[in-house]
Amino acid sequence: MTAKKYVQVVLGLPLDKAFTYSIPDELKETIKIGQRVEVPFGQRLKIGYVVGFLNKTAIKNIKAVKSILDLEPLLDKQMLELTRQVADYYCVGWGEVIEAACPANVRKRKRPIKETPEPILDWQASREKHGQKEIFLSPQQKQALSAITKSIKRKSHQVFLLHGITASGKTEVYLQAIKEVLAQGRSSIVLVPEISLTPQTVERFGSRFGQTVALLHSGLLPSQRARQWRRAKLGQAQIVIGARSAVFAPLKNLGLIVLDDEHENTYKQQDASPHYHAREVAIFRAKLAGATVILGSATPSLESFYSAKQGTIKSLTLPERVTERDLPEVNIVDMRQEVAVRRKRANIFSRALEISIRQVLERREQAILFLNRRGFSTFINCFKCGYVARCKRCNVSLTHHYATKRLICHYCNYQMELPQICPQCNSNYLRYFGLGTEKVESELHRLFPGARIARMDLDTTSKRDAHSKILNSFKERKIDVLVGTQMIAKGLDFPGVSLVGVVSADTALNIPDFRSGERTFDLLTQVAGRAGRGQVHGRVIIQTYVPEHYALVASIKHDYHQFYRQEIKSRKELNLPPFTHIVSLTLRSPQQKKVEDIACDLSARLNKKKLTKDIQVLGPAPASVSKIRGRFHWNVLLKGSSLPRLVKLLRRVVKDYRRYKGVPLKIDVDPI
Ligand code: ADP
Ligand code: ZN
Ligand code: ZN
């Protein structure tokens, strides 16, 4: 090997560049790409990641690497390449992505680990329980599996969309595809949304594949997480099941990545930089590894379904349920009719829903009442005709700003005066729609004094175990009516539930986000699946002021295709994803004037530096929730058909703003 003189190191910081250090003689033999090293940075020592070597450098007064922290590289060449690509795509620092890819306990450790980790799970019991009963695939499952198996054998990085309603047998297809991958001596990653990482899911994989399964999710203690990670790294586990970040699991020889419920929001890292989407990373990774990707869903994201239509990914369909179970009867209640009857105020419950709840209580069955969001809601709604003030350019509802008495589009900053009467029907039934779970709960107590009622939302489940406590007493039928947010929409299975009421489908439709139709369709489809799981026939009642909305009409018919046709048309007309890329830039500060000024400045700079016409700069505008914890948030949006061009522009402008005058800037590529 040629003499390594200098080493390039990236740090976990939002910086584009690698730093160069000299290598002391005693480290020259052992230093390798992908290792962690300790390097002087400013006044301190920092942990960095070796990404390359140089034979010469023009830098004077170069500092030396202090020590090497790993015997074996933490990241192999493929992981380094992957993290670099992800950093480029999301316009963040390479080191930031590396840090997101490795559990904290692994990357902060100062001494190399020597012992081999023990598996912490015992699958023997569940293996015996589930037995080795053979399952004969349906013709559609066979067809899907054979297309997937072919791709696995070819080692071509093909992406499949497996579109099938709940209980159509998608998971069984994943399981058999994984078996094929194992037979080839290769490994698999199964990603599930955090909320569906239930013991049942895990057990299903564990009982089939035993000790070769490792688990990675946020419910594990940091030390357990590190141990599971190392089992994958050492090749003791060939299958990793986990939430979002498991897409970076250090498996060698990867053959398959599955994303179950690929449309779920939890695949997008919202809380911290890098704001990556696991689907995007999975596809990058599969390309590097020659692996197959399966995106499974009952209600695919518009992006994935569009890609399938375009032929960039391959569509496979499972149209029927493998188990005999009726889809429940779904009724829509037009709340505008209710206002006509019950003049004075907007009622929370329609007559139909009130009567149904009463019947459920009399028959000693159970009901779930569902509201899409907690507490606040800031749109304006006419209780007589259903009118909602919306921005015509952006197809989102306008947000009511109390202080200025104006309605504002938080995408493009379009503004209007708060109308006094309804512009559509001239009535004075225009109100703020402020309906929360708490209000629903108190109204239930008033109408049904004897009923046992519980509420489940972020407020009531902030304590550990609160979540499972509520669900357990509901399961044991110590609760008659459960009121909740999206938390109760997914995956729960209660045989006693014969009624599901959606108190307001409109709260989801009027979230100021262009994906609100998509979210509503998905939620209603899921919610409808909650009723009628047991012996009793299920009923679903959906209350709305806009019964004609296509997302509602399509969801009661369980018709994804109808929904897709309408939705994709409006996305195209308004030039929204998947027809364009969006980058959202958010500035925040306790000083309103300051953040507004900087946002204006940033927007002007972006406008000046953009070289192509196809890039649009929108805003600046106050964020939809413009003040959070005492800080004012302002957004600038970029739209453009080519993401590389957008990122190029960003790199040119953004570095001057990272912490301009102490105001931090958040960059979110493909925001959700
Ligand atoms: P999905 O993932 O689409 O919700 P699952 O794969 O979980 O569907 O299938 C639903 C249920 O039907 C599971 O209990 C599964 O074991 C069973 N199942 C799946 N495929 C078959 C089949 N071909 N024959 C019999 N049972 C099946
Ligand atoms: Zn009206
Ligand atoms: Zn707008």
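Counting begins at 1 with the first residue of the sequence. In listed order, ligands and their atoms are each counted from 1.
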(request) Answer yes or no: is there an ion pair linking Arg208 with Glu172, defined by an N-O contact shorter than 4.0 Å? (result)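 Salt bridge between Arg208 and Glu172, a charged N being under 4.0 Å from a carboxylate O: yes.
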(message) Under 4.0 Å between a side-chain nitrogen and a carboxylate oxygen: does that hold for Lys384 and Glu338?
(response)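 Salt bridge flag = no for Glu338 with Lys384.
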(request) Compute the centroid of each ring, for Phe579 and then for Tyr306, and state whether the two points are separated by less than 6.0 Å. (result)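 Distance test on ring centres: under 6.0 Å, yes.
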(message) Is the distance between the ring centroids of Phe305 and His263 under 6.0 Å?
(response)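 When the ring centroids of His263 and Phe305 are compared, they turn out to be at least 6.0 Å apart.
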(message) Closer than 2.8 Å to the Zn ion (ligand 2), what protein N/O/S atoms do you find?
(response) Cys382 SG, Cys385 SG, Cys422 SG, Cys425 SG
Under a 4.0 Å heavy-atom limit, does [X] contact ligand 1 with its side chain, its backbone, both, or neither?
X      : value
Arg204 : side chain
Ile165 : backbone
Ser138 : backbone
Ile135 : side chain

(request) Check salt bridge (Lys or Arg N to Asp or Glu O under 4.0 Å) between Asp670 and all other residues, then give those that pass, not counting sequence neighbours. (result)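 Salt bridge (Lys or Arg N to Asp or Glu O under 4.0 Å) list for Asp670, sorted by chain: empty.
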(request) Could you name each residue pair satisfying salt bridge (charged side-chain N to carboxylate O under 4.0 Å, His left out) that touches residues 158-168, not counting sequence neighbours? (result)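 Output for this query is empty, none listed.
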(request) Return the set of protein N, O or S atoms whose distance to the Zn ion (ligand 3) is under 2.8 Å, each given as residue and atom. (result)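 Less than 2.8 Å away from the Zn ion (ligand 3) sit Cys391 SG, Cys394 SG, Cys409 SG, Cys412 SG.
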(message) Could you check whether any side-chain heavy atom of His163 comes within less than 4.5 Å of a side-chain heavy atom of Glu262, counting everything from C-beta outward?
(response) no
(request) May I ask you to check whether Ser146 and Thr149 show a side-chain donor-acceptor distance below 3.5 Å? (result) no
